[in-house]
Amino acid sequence: MTLEKFTNKTQEALQMAAAQAEEMGHSEIAPAHILYGLLKQGSSFVMEIINATGVDGFFIVQKIDEILKNLPKLGNASGVRAHLSRDGE
């Protein structure tokens, strides 16, 4: 995937998603990692949209954290780079 085709904010979100996946020992970057990256950006338009609907954005972040904690982990994941999931789970 060529990141240069994406906006700077999207590149940041994808980089945050990859870093989160690697930090948690996940071999794949799942949609939950990408949503995590979008929500954790400093001036997240995604968080603004969620809050505008009346939903508590921080509740969503907590639920995403729970989902990420329940994803399978690699045993000793040092040096393993996460890749995008192909199945969308």
Side-chain angles (χ1 to χ4, degrees):
M1 171 180 12
T2 306
L3 287 180
E4 293 80 31
K5 292 183 179 182
F6 295 105
T7 65
N8 288 340
K9 287 291 189 182
T10 302
Q11 290 178 33
E12 288 174 18
L14 290 172
Q15 289 169 349
M16 289 175 73
Q20 183 67 12
E22 291 172 14
E23 182 180 311
M24 296 185 83
H26 301 145
S27 63
E28 293 186 332
I29 302 168
H33 292 105
I34 296 171
L35 184 54
Y36 174 90
L38 290 168
L39 292 171
K40 289 294 200 170
Q41 286 181 323
S43 59
S44 172
F45 73 93
V46 175
M47 186 66 87
E48 290 178 26
I49 292 169
I50 289 171
N51 287 330
T53 65
V55 175
D56 181 4
F58 293 105
F59 174 78
I60 301 295
V61 170
Q62 288 175 335
K63 290 299 177 187
I64 293 297
D65 284 338
E66 287 176 25
I67 290 168
L68 292 175
K69 287 177 184 172
N70 289 318
L71 290 177
K73 297 180 185 188
L74 295 174
N76 185 359
S78 63
V80 174
R81 297 211 31 136
H83 61 276
L84 284 173
S85 171
R86 293 180 183 255
D87 60 7
E89 291 183 5

_Please give me the minimum heavy-atom distance between His26 and Leu68, naming the atom from each residue._
CE1-O, 3.0 Å
*Partner set under side-chain hydrogen bond (donor to acceptor under 3.5 Å, both in side chains) for Thr7, not counting sequence neighbours*: Thr10
*Euclidean distance, Ile29 CD1 relative to Glu22 CD, rounded to 0.5 Å*: 7.0 Å
Throw together a table of side-chain donor-acceptor distances under 3.5 angstrom for residues 12-21, partners on residues two or more places apart or in other chains.
from	atom 1	to	atom 2	distance (Å)
Gln20	OE1	Tyr36	OH	3.4

Scan the side chains in residues 46-59 for donor-acceptor partners under 3.5 Å anywhere in the protein, sequence neighbours excluded, and list what turns up.
from	atom 1	to	atom 2	distance (Å)
Asn51	OD1	Gly57	N	2.9
Asn51	ND2	Met47	O	3.3
Thr53	OG1	Ile50	O	2.5
Asp56	OD1	Phe58	N	3.1

*Can we say Lys69 and Glu66 salt-bridge, meaning some charged N sits less than 4.0 Å from an Asp/Glu carboxylate O?*
no
